[in-house]
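Within every chain, numbering begins at 1; the chains are lettered A, B, ... in the order of the sequence lines, protein sequences first and strands thereafter.
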Protein chains: 2
Amino acid sequence: MKISAQEEYGLRCILQLARKGAGEIGTISEIAGKEGLSVEYTGKLMMLLRHAHLVESLRGKNGGYVLGAVPEEISLGQVMRALSKPLFLEETCDDYPGQVAECVHRRECSIRPVWVTIGTLFNGMLDNLCLADLFDNEAAVASKVRQRLLLEMCPVH
Amino acid sequence: MKISAQEEYGLRCILQLARKGAGEIGTISEIAGKEGLSVEYTGKLMMLLRHAHLVESLRGKNGGYVLGAVPEEISLGQVMRALSKPLFLEETCDDYPGQVAECVHRRECSIRPVWVTIGTLFNGMLDNLCLADLFDNEAAVASKVRQRLLLEMCPVH
DNA sequence: TCAAATCCGGACAACTTTGTCAAGTTTACC
DNA sequence: GGTAAACTTGACAAAGTTGTCCGGATTTGA
């Protein structure tokens, strides 16, 4: 269980863009330089974000990327989904069926609720955190993560 | 971000063993059959569990595997660590440093607290769930997962 | 029109993960 | 002893992930 390189680096790239002023352009080479990534790889990551409409590209000289919305309106969930297909997935049972056509645990699976519960909380929390939330210092962000997770676990009806 | 095949299948295998009576032997082919996995692959997974001393092997005819402890004393955290090295890892920054020798975000990293907080809660929750907890039905397990996670978030001092 | 700066995207090599295979070793039982 | 049932282990093929390369397209501005 780990964060993939694409998820981690892609999030860092869009965060670099988000830290700039509204509408300010960031180029691939600028972002690559700031993150210590190759220009080629950074380009690939930005393409993924662009296909998800989280950033917009401006081609040609003086071109670059701008955020597709204000940092308050782009959730970490959106970013993660743009960078990795299933995202923690509640479909672990479908993904790992074994050799049997239908998952052996189709009827009653005691592992599924573990992953599903964690996955649901995790996804909900990421959907309730936005890029702007990450502008704060480490302690503040950690506190916000807990707060959003708690919100997921004990929703106010 | 996903559960790896080794983690998922390995957990299922040891759970098959845990469901048996105390000291009862389960063979690789029996477990493989129940889980719809190949005998060879199942053998490899059991080896991982054995190296972590979570199961013991009995060689020779009539041999097989037995749980290394009662199901109440084997935590999901132990199982996961046996099956995958870093386990959600709080070392994401170390793992993905980019091309720069030191992580660009060494001093202040606003992404780190997200993964660290999640990872800490996640690990704590897995350490507070044991194989016996998974004997219940889906709804009961889901409830237990939430309860343990809450325990991690709001520890009683 | 041309050159420079920039993004675009497919091909591909390196690496990791997944799963299989085959040649062992050990033990029980006849 | 011999044979069958079981685990052990390393090599390796298949598949997925990571990151690079390179020829191209687009825009600006001289």
Side-chain angles (χ1 to χ4, degrees), chain A residues 1-13 17 24-33 35-66 68 83-87 89 92 95-100, chain B residues 1-13 17 24-33 35-66 68 83-87 89 92 95-100:
Chain A
M1 165 115 47
K2 59 186 294 196
I3 314 271
S4 75
Q6 239 175 57
E7 291 167 329
E8 170 71 15
Y9 290 142
L11 175 54
R12 289 189 198 172
C13 287
L17 210 51
E24 200 179 338
I25 292 178
T27 67
I28 289 181
S29 47
E30 176 193 351
I31 297 171
E35 287 298 336
L37 300 174
S38 76
V39 171
E40 295 82 3
Y41 191 32
T42 305
K44 192 175 189 173
L45 296 171
M46 295 310 293
M47 190 187 59
L48 291 172
L49 294 169
R50 182 173 63 87
H51 286 162
H53 307 293
L54 299 179
V55 301
E56 285 170 13
S57 72
L58 304 166
R59 300 184 69 168
K61 189 168 179 181
N62 301 334
Y65 286 93
V66 292
L83 295 167
S84 65
K85 306 306 153 47
L87 179 57
L89 73 162
T92 306
D95 268 27
Y96 302 130
Q99 292 181 324
V100 177
Chain B
M1 166 117 45
K2 60 186 293 195
I3 314 270
S4 74
Q6 239 175 59
E7 290 167 330
E8 170 71 16
Y9 290 142
L11 175 54
R12 288 189 198 174
C13 287
L17 210 51
E24 200 179 337
I25 291 178
T27 67
I28 287 181
S29 46
E30 177 193 352
I31 296 172
E35 286 299 335
L37 300 173
S38 75
V39 171
E40 295 82 4
Y41 190 33
T42 305
K44 194 175 189 173
L45 295 171
M46 294 311 291
M47 188 188 61
L48 292 173
L49 295 169
R50 181 173 63 87
H51 286 162
H53 307 293
L54 298 180
V55 302
E56 284 171 14
S57 72
L58 304 166
R59 301 185 67 167
K61 189 166 177 179
N62 300 335
Y65 286 94
V66 292
L83 296 167
S84 65
K85 306 307 153 45
L87 179 58
L89 74 162
T92 306
D95 269 26
Y96 301 130
Q99 292 181 326
V100 176

Could you state the OH-C1' distance from A/Y41 to C/dC8, rounded to the nearest angstrom? 17 Å
Does D/dT8 have its OP1 or OP2 closer than 4.0 Å to a side-chain nitrogen or oxygen of B/Y65? yes
Respond yes when some side-chain nitrogen or oxygen of A/S38 is under 4.0 Å from OP1 or OP2 of D/dT20, and no when none is. yes
When the distance from CD of B/E56 to P of D/dT8 is rounded to whole Å, what number comes out? 12 Å
Rounded distance in Å - CG (B/L45) to P (D/dC7): 13 Å
Kindly say if A/H51 contacts the phosphate of C/dG9, meaning a side-chain N or O under 4.0 Å from OP1 or OP2. yes
d(CD1, A/I25; C1', D/dT28) in whole Å: 12 Å
For D/dT8, does either OP1 or OP2 sit under 4.0 Å from a side-chain N or O belonging to B/R50? yes
Side-chain-base donor-acceptor pair under 3.5 Å for B/R59 and C/dT25: yes
A/L17 CG to A/M46 CE distance, which is reported to the nearest 0.5 Å: 5.0 Å
Is a donor-acceptor pair below 3.5 Å formed from side chain A/K44 to base D/dG19, judging by atom type as modelled? yes
Quick one: B/Y9 OH to C/dT18 P, roughly how many Å, whole number? 10 Å
OP1 or OP2 of C/dT6 sitting under 4.0 Å from any side-chain N/O of A/N62? no
Starting at NZ of B/K61 and ending at C1' of D/dA6, how long is that distance when rounded to a whole Å? 10 Å
Give a yes or no answer on whether the side chain of A/E56 reaches the backbone of A/R50 with a donor-acceptor pair at less than 3.5 Å. no
Euclidean distance, atom CG of residue B/L48 to atom P of D/dT8 [Å, nearest integer]: 12 Å
Rounded distance in Å - CE (B/M47) to P (D/dC7): 13 Å
Heavy-atom distance under 4.5 Å between the side chains of A/Q6 and A/L48, does that happen here? yes
Is there a donor-acceptor pair under 3.5 Å between the side chain of A/E24 and the backbone N or O of A/V66? no
Given that B/G60 and A/G60 both sit by DNA chain D, which one's nearest nucleotide is further toward the 5' end? B/G60
Walking DNA chain C from its 5' end, the first of B/E40 and A/I28 to be reached, judged by nearest nucleotide, is A/I28
Think A/S57 has a side-chain N or O under 4.0 angstrom from the OP1 or OP2 of C/dC8? yes
Measure the shortest side-chain to side-chain distance between A/E7 and B/M1 over non-hydrogen atoms and say whether it is less than 4.5 angstrom. yes
